[in-house]
Structure formats: structure tokens, C-alpha cells
Amino acid sequence: MTPHHIALHPPRPAGGRDRVRGNDYRVLRRPDPFTPTLRVSVVVPAYGGQDKLDLVLAALARQTYPDELVEVIVVDNGSTPPLRLPEERPRDTRLILCATPGRASARNAGLAEAGGDVIHWLDSDVLLTPGAIEAHMRWHHAAPYCVVTGYIRFTDAPVPAALPDDLERAFEPAEPHGWIVDLVERTGGLTDNPQRPFSLHVGGATSVGARLIEAAGPMDEDLILGQDTELGYRLAQAGAVFVPEPAARAYHLGPTMRMRDKQPIDRVSHAFVADRIPAYRWLRSHPGRQWKVPYVAAVVDGTAGYENVRAAVDALLAGTVPDVEVVVVGPWDTLDRPLRDRRAPLRDPALDLVLVHGHYLHEGRVRLATAPDVDPAVPYVLRLPPGWVPGEDSLARLLDLCREQGYGLVNVLLHESPDGVLAARLERVAAFARARVVLRPGEDLDDAVDDVSGVTWVEGATYGFGTEPADIPGRRGAHRARVEARAEAERLAKEAERLRAQVTKWREEAARWRKSTVELRREVGTLRRRLAAANRAQQGLRVLVATTVRRALGRGSRGRPGAPPEAGDTLP
């Protein structure tokens with residue numbers, strides 16, 4: 001068997017200049033020389049502020065992009081008095097009315113009127129520098145799936161009566177869009193695998209390919225705030241590449257609402273976007289809540305037999321990823337039969353379907369569907385073959401791998417035989433959407449996914465997949481286990497504290513022993529020196545005694561007959 005991560009085929013090289021891997025748009029080649037062909041629709045929602053709107057339209061009239069390829073749609077969102085179009089404006093400019101209050105409604109009204117290849121959102125207090133639209137459009141000529149945001153600077157300069165010829169001289173010093181600049185700098189211009197590049201989609205001066213908007217849908221008018229970011233998320237799900245363009249410069253007349261009231265705005269925005277943007281994981285900290293758009297959808301074959309389906313579905317619902325929807329696919333529309341056909345339910349040939357349908361009909365996280373379709377706003381889709389059951393943490397581990405490595409597809413090898421390979425699949429929806437945009441005739445979709453995001457294989461057993469039903473603890477049992485684990489942790493913490501105190505005591509005693517040892521060594525050294533001195537004195541005494549004895553014996557022997565003469569005696 002192959003190792004933990006299986007490479008059944010080496011990574012394929014990028015399939016062309018138009019294939020962006022992740023968000024690294026640097027592979028795109030903007031045309032130079034530039035011959036514009038795409039038409040752009042500039043949508044300007046406005047509520048009051050006629051003096052600023054006049055300047056905005058004058059700045060649009062001075063753009064270097066061909067005038068015949070620009071249409072401007074000003075949306076009056078119920079101004080009193082009504083707005084009017086000034087004399088200095090692009091040739092193809094029209095004013096429409098949107099009585100429904102709200103910027104999202106006004107933008108959607110303008111979007112419905114737009115006929116361009118590119119939609120350029122523009123606030124009614126943002127002045128584009130002359131080359132801004134051209135800088136945007138170079139990217140859209142390079143690829144049809146770009147979302148381009150310009151660099152806006154916020155000025156406190158008084159609103160002039162007429163548009164200055166030199167915007168920089170008139171409005172500097174000005175402040176940059178701080179958090180966007182920080183995001184771009186931290187991620188190498190959004191090319192270094194950013195987790196949420198869609199945050200770049202702000203409506204002040206952003207352009208989007210019309211096909212992307214068609215795929216993602218219009219702005220969510222149910223949102224109070226955060227509509228730009230939420231649409232940016234859906235654009236990412238549709239396969240968008242997000243490009244910050246420094247040459248597309250603009251000046252915002254005054255600070256934005258967010259710059260004035262960031263905390264109150266975040267409070268309101270987060271309460272709503274948490275339901276719609278699964279990528280904002282920190283807003284979904286509750287362990288058991290359901291959300292409008294789940295983080296992952298798991299597709300299970302509902303015709304695989306009641307026990308098999310239940311084992312897989314229940315394991316998914318009890319796993320460590322609570323933010324999951326399980327789509328059980330089957331011919332549920334065929335079960336609506338007259339009651340007289342149910343008099344012998346045990347002999348019903350569709351009994352297993354009836355059981356699955358009845359068992360999960362009222363489960364909020366299970367959707368009984370006749371086709372394996374998933375909401376395109378869901379970031380990840382797990383496709384699980386019949387008869388296979390994920391472990392408690394299997395899905396979470398696959399999501400970690402996919403997210404950390406930026407893969408578009410993780411294949412989970414479940415079984416190999418001469419007939420082929422059986423695998424589960426974790427798909428990143430945004431990568432598959434991008435792959436469909438760049439797919440060549442006759443090309444396998446997985447190969448295109450490999451180009452734009454990467455594909456890998458892992459071993460199912462390593463990730464906890466099996467064929468037996470999982471042992472699922474009930475909530476009460478899980479609660480008791482947590483209580484017991486917490487009590488055990490507290491006991492171990494106390495024991496560790498006791499042992500730390502004992503170690504401290506032993507260290508103090510050891511320090512005392514080391515000090516005593518040093519003192520004893522000093523005393524032993526002193527005694528040794530004294531003993532050596534005593535030994536030397538004793539040795540000297542022995543020599544002295546021996547010498548004295550010899551001398552004494554010598555003097556005594558001189559008076560005895562036959563005694564030899566001592567040294568110094570004179571012979572006769």
C-alpha cells in the first residue's frame with residue numbers, strides 16, 4: 001500500500017497563461033500594446049450629494065479608456081430633491097430611479113440595466129484618476145474572471161466647485177485604505193495563498209467580469225451592512241481571481257462610514273454575514289448551531305440501503321465538524337403514493353427508501369434531494385461512496401489538509417481492486433468553478449482543477465474511513481466524558497503541582513547538600529594538609545631520634561675492647 005499521502009501522478013504544469021493557480025494572478029499577461037474591445041458599465045448608486053456626484057461624473061468623462069466603450073448608470077436611491085446629470089459627463093450616461101432604500105438595492109437596479117462585459121462599482125463620492133478605468137480593463141482583457149480593486153485614498157480637503165485638473169495636488173495629503181494596504185502587503189499582493197482574498201471586493205472602486213456576477217448572483221438586499229464582502233465571497237466561489245491594481249487610483253471625498261464607526265459597523269455586519277460567509281470561522285464558534293450556508297456539504301447515496309445510509313449520515317452528523325449539511329440523494333418524489341398501497345409495508349419493494357426518508361425528513365442538517373446538487377456558496381463538498389463510514393475526526397482532518405495546502409481536490413483512496421479504485425472526494429467548490437471557466441474541450445475537469453489549485457490522494461484507513469458503523473456517544477455520554485476528563489485533568493494538575501512542589505523541595509535540599517559537600521571538602525582538604533604536615537614532622541622526628549641514637553651508641557662503644565674506632569679518632 002502506498003504511504004500516507006499518495007502521488008498517483010506527478011503535478012502537471014500550468015496549462016496556459018490564462019490559468020491562475022490559487023490567486024497568483026502574476027501569470028496573466030496584460031495586453032501591450034493595448035487595443036480595448038470590452039465594454040464597461042459603471043454603476044454609481046447615489047443618495048443626495050449632488051455636488052460630489054457632479055465631480056464623480058466629470059472624472060469619468062476624463063478617463064483615458066475609449067468613451068464609446070463606457071456606459072455610466074447613475075442610480076438615484078430616493079434623493080430629495082431628485083438628482084440630475086451635470087453637463088460634464090461621459091457620452092453614454094443615464095439616470096434611473098430606485099425607490100427601494102439601500103445601497104444593495106440601488107446597485108442591483110443599476111446592474112439590471114447594465115450591458116457591459118465588465119461591471120465597475122463606483123461610489124458617488126469617489127473620484128477616479130484619468131487612467132483608473134484603463135488600468136482595470138487591462139486585467140479584464142487578460143482573463144474573464146478577474147475582480148480588480150483600485151487604491152483609494154481618503155481626503156479631508158474641501159469639496160471643490162469644479163473638478164481640478166490635478167487631483168493629487170488638490171487632495172493630498174490623504175490617507176490610504178489602511179486595512180486593504182495591510183492585507184495586500186501581508187500576502188505578497190494577494191498572491192501568497194491568502195485565505196480570504198474576497199475581502200478585497202469593496203464597492204468604492206471595484207470592477208468585476210459580468211459573467212462572474214451572473215454566476216454569483218446580485219447583491220444580497222437582506223443584508224444591512226457587509227453586502228460588498230458577502231458578494232465578494234460568492235464571486236470567489238464562482239472562481240474569481242482578486243487583483244489589487246496600484247495604477248487604478250482614486251480619491252474618496254471624506255472618510256468612509258467604517259472609518260468613523262468601525263466597532264458599531266462590525267457589530268451589525270458580523271451578526272448577518274456569519275450566516276452567509278462560512279470562511280469567517282471565528283464568527284461560528286458555537287459548537288452546535290446551524291447556519292444558512294454550511295461550511296461543508298456531504299453527498300450520500302440514499303439508495304444504498306437503510307443501515308448503510310444511516311451509518312454514514314449519523315457518523316457525519318456526530319463528527320467533529322458540526323457545520324455540515326448532509327445531502328441524501330434518492331428518488332424521494334416516487335414515495336408519494338396513496339395510503340391504500342401501504343397496507344403491507346414490510347413487503348414494500350421501496351421499504352429502505354421509505355425508512356431513510358422517514359428517519360431524516362425532519363432532521364435540520366439533512367436534505368433529501370433527487371440530485372446531488374449543492375448550494376454553490378458552500379465552500380467544500382464531500383462525496384462519499386455507498387457503504388463507507390467516516391471516522392469522528394475524518395472530515396475535519398481532510399478539511400485541514402485541503403485548507404492548509406490550498407488543494408482543490410483531495411481524493412480518499414478507500415479500496416483498490418482489479419476493477420479499479422474506489423475513492424471518496426473532498427472538493428473545494430471555488431477551485432472547481434475556476435476550472436470550469438478555463439476548461440478546454442475534451443479535457444478532464446480534475447486535470448483543470450489540478451492546474452488551478454492542485455489535487456492530492458490520501459489513504460482512507462489513515463484518515464479513519466471504514467465500512468462498519470461508528471460508535472457514536474450520546475450527548476449525555478459525551479457530557480459525562482467531558483466532566484470526567486475535566487475532573488481527571490484537575491486531579492492531574494494538582495498532582496503535577498504537588499510534584500513540582502516536591503521537586504522544588506528536593507532542589508532546595510540538594511542545594512543544601514551541595515553547600516555542605518563543598519564545606520566538607522574544604523574541611524577534608526584542611527585536615528589532609530594538617531596530616532601531611534604532621535607526617536612530615538613525624539618523619540623529621542624519626543630521623544632526629546635515629547641520628548641521636550646512633551650518636552649515643554657510638555660514644556658508648558669507644559670504651560669497649562675490640563670496638564672499632566669512630567670517625568675522627570686518631571690511630572697510634
Side-chain angles (χ1 to χ4, degrees), residues 1-7 182 185-188 192-195 281-282 285 287 320 391-394 396-401 403-406 456 458-459 461-464 471 473 477-572:
M1 185 61 68
T2 47
H4 180 70
H5 285 182
I6 306 167
D182 178 64
E185 289 180 350
R186 283 188 290 107
T187 58
D192 187 17
N193 194 27
Q195 294 297 314
R281 305 306 298 152
W282 68 91
S285 57
T320 57
E392 185 177 9
D393 202 42
S394 299
R397 293 174 60 198
L398 289 175
L399 289 168
D400 288 343
L401 173 65
R403 185 171 51 245
E404 291 168 5
Q405 301 299 324
T456 193
V458 298
E459 225 176 343
T462 305
Y463 276 75
D471 183 14
H479 170 71
R480 287 173 177 167
R482 287 195 302 271
V483 171
E484 292 173 0
R486 192 178 300 116
E488 179 65 10
E490 291 175 357
R491 186 190 69 79
L492 292 174
K494 291 179 180 178
E495 179 66 12
E497 186 63 29
R498 186 189 69 80
L499 291 174
R500 280 195 293 269
Q502 187 66 43
V503 169
T504 301
K505 179 180 177 182
W506 289 340
R507 284 175 177 170
E508 292 173 353
E509 291 182 3
R512 289 196 297 271
W513 293 340
R514 284 194 295 270
K515 183 177 180 182
S516 299
T517 301
V518 171
E519 293 174 351
L520 287 173
R521 285 176 178 171
R522 289 175 181 171
E523 291 180 6
V524 169
T526 301
L527 291 174
R528 283 177 176 171
R529 289 192 296 273
R530 290 178 180 177
L531 180 60
N535 287 336
R536 289 194 298 272
Q538 185 180 23
Q539 184 64 29
L541 182 61
R542 287 176 179 170
V543 171
L544 178 61
V545 169
T547 303
T548 303
V549 169
R550 283 198 300 271
R551 288 178 178 174
L553 291 175
R555 286 194 298 269
S557 63
R558 281 193 292 237
R560 296 197 305 267
E566 290 187 1
D569 289 347
T570 304
L571 294 176

With rounding to the nearest 0.5 angstrom, report the [atom1] to [atom2] distance, [X] to [Y].
| X | Y | atom1 | atom2 | value |
| --- | --- | --- | --- | --- |
| Thr504 | Leu499 | OG1 | CG | 10.5 Å |
| Thr320 | Leu399 | OG1 | CG | 9.0 Å |
| Leu398 | Arg403 | CG | CZ | 11.0 Å |
| Asp182 | Arg186 | CG | CZ | 4.5 Å |
| Glu488 | Glu484 | CD | CD | 9.5 Å |
| Leu527 | Glu523 | CG | CD | 7.0 Å |

Q) What are the two closest non-hydrogen atoms of Arg507 and Arg514, and how far apart are they? A)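 Scanning both residues completely, I find the closest heavy atoms to be O-NH2, 4.4 Å.
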
Between [Y] and [X], does any NZ, NE, NH1 or NH2 come within less than 4.0 Å of an OD or OE carboxylate oxygen?
| X | Y | value |
| --- | --- | --- |
| Arg500 | Glu497 | yes |
| Glu508 | Lys505 | no |
| Arg522 | Glu519 | no |

